[in-house]
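Naming convention: chains lettered A, B, ... in sequence-line order (proteins, then strands); numbering from 1 in each chain.
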Amino acid sequence: MLFEDPIVPSSSPLIAGLNAEQASAVLLPAEHALILAGAGSGKTRVLTTRIAWLLQSGQVSPGGILAVTFTNKAAREMMTRLSAMLPINVRGMWIGTFHGLCNRFLRAHHKLASLPATFQILDTQDQLSAIKRLCKQFNVDDERYPPKQLQYFISGCKEDGQRPQDVVARDEETRKKIELYALYEEQCQREGVVDFGELMLRSYEVLRDNDPVREHYQRRFRHILIDEFQDTNRLQYAWIKMFSAPPLEGLSSSGNAVFAVGDDDQSIYAFRGARVGNMADFVREFQVRHQIKLEQNYRSVSNILDSANQLISHNTHRLGKNLRTDAGAGEPVRVYEAVSDFAEAQWMVDEMKQLAREDVPRSEMAVLYRSNAQSRVVETALFNAGMPYRVYGGLRFFERAEIKHALAYLRLLENPHDDTSFLRVVNFPPRGIGARSIEQLQDVARASGCSLHDAVSAVTGRAGVAIGAFVAKLDVVREQTEGSTLREIIELVLEHSGLIEHYRAEREGQDRVENLEELVNAAESFVSVEGFGRDAVALPVDELGKPLTQSPASQGLDPNLPVLDEPLAPDAETGETLSPLAAFLTHAALESGDNQAQAGQDAVQLMTVHAAKGLEFDCVFITGMEEGLFPHENSMSDREGLEEERRLMYVAITRARKRLYLSHSQTRMLHGQTRYNLKSRFFDELPEACLKWLTPPQPAWAAPGGMGGGGQWQNGRRGGFGAPAALQPAWSPGFKERGDPKGLGQAEPEPDRGTEIRAGLTVFHNKFGEGKVLAVEGAGADARAQVNFTRHGTKWLALSVAKLTPIT
DNA sequence: ATGTTCTACCTTTTT
DNA sequence: GGTAGAACAT
């Protein structure tokens with residue numbers, strides 16, 4: 001479409017509150033663009049306003065928009081904001097997660113994709129159990145080929161867009177893995193299920209191999225917008241390329257524009273296949289002419305922002321970006337060194353109480369940690385202090401065992417050949433079908449190449465009767481629920497499966513019963529509130545009146561292909577849509593459900609740094625700032641890993657608006673044993689002027705519960721900046737001697753006779769330099785010490801040989 | 001076939 | 001320190 005009138009930004013209320021950078025991003029011409037959006041720079045706002053602007057100015061109709069996010073939450077937010085900005089039908093737009101949109105696409109083109117119309121989606125757990133089952137069937141040595149590792153291998157291949165035949169087998173082990181990958185694919189295909197990677201890969205292949213389909217979508221989607229572009233993997237990038245016209249055709253002739261928004265500094269999912277390099281590739285391959293940096297931060301005070309900037313400047317190969325803020329300096333970043341993880345948690349609670357007195361809502365206080373295991377101490381301290389808190393992460397609703405059981409029954413109603421689900425519940429609750437019977441059944445199924453369900457009739461003897469009864473019951477329920485509502489189906493399944501009964505009899509089963517009852521509610525709200533589920537299913541046909549509109553030939557679109565205006569497209573040929581049950585199951589697989597429903601109460605927020613991405617709080621505590629924890633020991637050996645850890649730290653810091661607290665502890669219980677960690681190297685990468693080092697007013701190891709003084713800290717600045725932690729005036733040992741002759745209170749390590757080397761000491765070694773003793777084992781000539789050296793990592797040393805000098 | 005104890009595992013994880 | 005899966009006993 002062409003424009004007669006020039007666009008006048010100020011005339012549009014949409015543009016009104018935007019700064020110059022943001023407005024220019026929103027108003028870019030319909031060409032490829034990369035927006036480098038720093039933390040807190042209004043990224044989501046730019047993205048949604050861009051869409052709103054495109055629509056309002058008539059450059060594109062809702063059907064011409066393809067907007068991709070990573071999380072359902074982000075997709076929801078975009079839709080909500082959009083419908084608030086414009087009185088339009090957001091349903092016509094393709095806004096969703098990569099996987100949600102792939103699902104939509106594959107439902108519509110399932111024949112081209114060689115999938116049954118009712119294919120079900122395996123989540124990560126399902127995938128693992130499918131692989132385990134496969135390995136058992138083919139007698140794979142699970143010592144040599146752990147199922148988890150196979151899962152990682154298969155997912156990795158798919159994320160790189162590789163089928164078994166594409167993978168190069170450099171060694172015997174890889175060859176075997178590839179073989180299993182192929183067998184796994186066969187199994188999934190036979191059972192009519194797809195995993196997350198397959199959703200992406202299969203839709204990519206349909207687009208790649210079907211010219212008319214691809215060209216149709218290329219013509220349809222005039223504007224392709226991608227959020228969190230730095231987190232895309234190879235396959236996702238290739239997928240996006242399919243929707244945009246090939247570069248050879250020339251940019252202007254293709255008529256569609258890719259608008260990618262991302263921040264290389266916030267790329268924290270490389271370990272999962274994300275490729276920051278996609279940003280540079282995009283600029284090169286799409287010949288991107290418009291790059292805009294959003295560097296104005298609207299979130300944090302400058303002490304916090306400067307800390308983030310300085311930290312991230314230690315990374316190499318950045319695209320380059322420096323955030324600025326108009327908010328004043330604010331409070332300094334407070335740093336606290338605790339004696340134990342317990343004391344650290346206690347100190348935080350004391351600080352939080354103080355904050356609460358200053359009228360900071362608890363929900364504006366967040367505790368961030370590197371790994372989930374760290375939440376426990378904090379939880380205990382908060383619990384003892386009677387302060388409400390909410391832990392994010394962990395099991396989500398649709399991942400709970402009891403819910404997965406119920407879903408397995410439901411899936412069997414929809415597709416009796418789903419062997420994964422079959423095995424999950426054939427003997428749960430226990431109904432006398434043991435491993436032997438199941439093996440028998442599997443043998444028959446394998447021999448005749450059919451599903452477990454179909455093999456039942458051929459199984460003889462007692463096993464046959466028991467399993468036959470199970471299958472018969474399922475068949476009866478399936479018949480009974482013909483024409484029933486989703487709610488009725490679920491209620492009937494819960495009743496007949498015996499799940500509720502089973503959990504009711506269990507001592508600890510009350511929560512599970514409640515969750516199962518909650519499943520009915522989840523289904524209800526899926527049907528009503530969500531108008532049948534935004535990303536999962538089409539509205540009932542008669543409600544919109546046009547489940548499948550044909551594209552006008554005048555726009556150059558293939559009239560034989562569907563416009564797919566419905567979130568969950570009906571079959572391209574038959575117009576067939578999913579049953580409410582099938583749609584609900586899809587919804588359950590793609591949207592794992594909220595973590596805990598205990599929302600509503602004003603509670604302190606606890607989560608991993610990963611989980612905090614995209615969120616913001618007035619006050620943020622980052623805990624466990626220690627070598628080995630943050631940066632994590634598994635990532636700190638190579639530069640790549642370390643830089644990702646640094647980006648993670650950057651994300652953590654930039655979550656805070658007004659106050660930031662960093663803490664580390666001299667000792668920490670991890671995996672059941674006490675560890676002695678050096679403080680994180682990241683402290684050395686923060687601007688000293690922004691920091692305020694807190695010192696405990698009195699020996700903090702005095703007694704559990706009575707520690708911490710409630711915020712009256714002295715301002716004790718510590719050794720010179722930039723020096724490695726261990727080279728600073730060693731204060732930990734001296735600290736110890738000040739009050740407690742026994743050292744670290746209850747956490748006193750085994751003393752070593754003969755030498756004075758003890759865990760917790762900072763020592764000097766002629767070759768390795770300074771380090772902290774982590775543990776001492778054995779006695780006399782056999783005595784060994786584990787020492788974490790600043791420059792050489794962790795080593796075990798024989799004390800009879802190595803000369804270790806304690807530094808005081 | 002099922003309930004109980006014991007031993008190995010253990011970053012992060014939007015879908 | 002906590003959990004999940006396997007060996008073990010009933």
> Assess R107(A) against F119(A): is NZ or CZ under 6.0 Å from the centre of the six-membered ring, and within 45 degrees of the ring's axis?
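Relative to the ring axis of F119(A), which defines the angle, R107(A) lies inside both limits.
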> What is the nucleic acid contact for K148(A), judged by heavy atoms within less than 4.0 Å: base, sugar-phosphate only, or nothing?
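Answer is nothing: K148(A) stays at 4.0 Å or more from every strand.
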> Respond yes when some side-chain nitrogen or oxygen of K132(A) is under 4.0 Å from OP1 or OP2 of dG5(C), and no when none is.
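Answer yes for this pair, as a side-chain N or O of K132(A) is under 4.0 Å from OP1 or OP2.
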> What's the verdict on ring pair (Phe, Tyr, Trp, His ring centres under 6.0 Å) for H502(A) and F428(A), showing C-alpha distance, side-chain angles and the deciding distance?
CA-CA 9 Å; H502(A) 175 262; F428(A) 195 94; 4.9 Å; yes
> dT14(B), OP1 or OP2 - any side-chain N/O from R396(A) closer than 4.0 Å?
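True: R396(A) side-chain N/O within range (under 4.0 Å) of dT14(B) OP1/OP2.
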> Rounded to the nearest Å, what distance is computed from the CD atom of residue Q374(A) to the P atom of nucleotide dG2(C)?
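Nearest whole value for this atom pair: 15 Å.
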> Does the ring pair (Phe, Tyr, Trp, His ring centres under 6.0 Å) test come out yes or no for F271(A) and H610(A), once each step is laid out?
CA-CA 12 Å; F271(A) 73 96; H610(A) 281 95; 5.7 Å; yes
> Are the side chain of T667(A) and the backbone of V339(A) linked by a donor-acceptor contact shorter than 3.5 Å?
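Yes; at least one donor-acceptor contact below 3.5 Å.
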> Is N427(A) touching bases, backbone alone, or none of the nucleic acid, heavy atoms closer than 4.0 Å?
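Sugar-phosphate contact only - N427(A) comes under 4.0 Å of backbone atoms but never of a base.
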> Which whole-number value in Å describes the distance from I268(A) CD1 to dT15(B) P?
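Atom CD1 in I268(A) sits about 14 Å away from atom P in dT15(B).
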> Rounded to whole angstrom units, what separation is found between the CG atom of N72(A) and the P atom of dT14(B)?
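Result: 11 Å.
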> If you find the nucleotide of DNA chain B closest to R370(A) and the one closest to P430(A), which residue's nucleotide is nearer the 5' end?
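Counting from the 5' end, the first nearest nucleotide belongs to P430(A).
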> Given atom OH of Y152(A) and atom C1' of dT12(B), what is their separation to the nearest angstrom?
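My rounded result for the distance is 11 Å.
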> Counting only side-chain heavy atoms from C-beta out, which of dT15(B), dT12(B), dT14(B) sits nearest to L590(A)?
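For the L590(A) side chain, the nearest candidate turns out to be dT15(B).
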> Remember a base hit wins even if backbone is also touched, and classify S437(A) as base, sugar-phosphate or nothing at under 4.0 Å, heavy atoms.
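Contact class for S437(A): sugar-phosphate only.
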> Please work out whether dT12(B) sits syn or anti, treating a glycosidic angle within 90° of 0 as syn.
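What dT12(B) shows is an anti base, its glycosidic angle lying more than 90° from 0.
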> Roughly, in whole Å, what's the span from NE2 in H671(A) to P in dC10(B)?
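Distance check: H671(A) NE2 to dC10(B) P gives 9 Å.
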> Taking atom types as modelled and ignoring hydrogens, do the side chains of S665(A) and E344(A) form a donor-acceptor contact shorter than 3.5 angstrom?
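Absent: no donor and acceptor within the cut-off.
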> Take the protein atom CZ of R272(A) and the nucleotide atom P of dT12(B), then report the distance between them rounded to whole Å.
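Computing the R272(A):CZ to dT12(B):P distance gives 13 Å.
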> T608(A) side chain N/O closer than 4.0 Å to the phosphate oxygens (OP1, OP2) of dT13(B)?
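Yes, T608(A) has a side-chain N/O under 4.0 Å of OP1/OP2 on dT13(B).
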> Taking for each residue the nucleotide of DNA chain B with the nearest heavy atom, is it R436(A) or N372(A) whose nucleotide lies nearer the 5' end?
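Nearest nucleotide further toward 5': that of R436(A).
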> Mind calculating the distance between NZ (K613(A)) and P (dT11(B)) to the nearest angstrom?
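Whole-Å distance recorded here is 22 Å.
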> Determine, answering yes or no, if F271(A) is stacked on dT12(B) under the 5.5 Å centre rule and the 30° plane rule.
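A stacking contact exists, since F271(A) sits close and nearly parallel to the base ring of dT12(B).
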> Check this for me: does any side-chain nitrogen of one of R411(A) and D126(A) sit under 4.0 Å from a carboxylate oxygen of the other?
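Salt bridge present between R411(A) and D126(A).
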> May I have the distance from R76(A) (atom CZ) to dT14(B) (atom P), rounded to whole angstrom?
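Nearest whole value for this atom pair: 14 Å.
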> Just to be sure I understand the rule, does T69(A) reach a base, reach only the sugar-phosphate, or reach nothing, if contact means heavy atoms closer than 4.0 Å?
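Here T69(A) touches no strand at all.
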> Which part of the nucleic acid, if any, lies within reach of E645(A) when heavy atoms closer than 4.0 Å are counted: base, sugar-phosphate only, or nothing?
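Base contact.
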> If we require ring centres under 5.5 Å and near-parallel planes under 30°, does H632(A) stack on dT11(B)?
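Yes; by the centre-distance and plane-angle rule, H632(A) counts as stacking on dT11(B).
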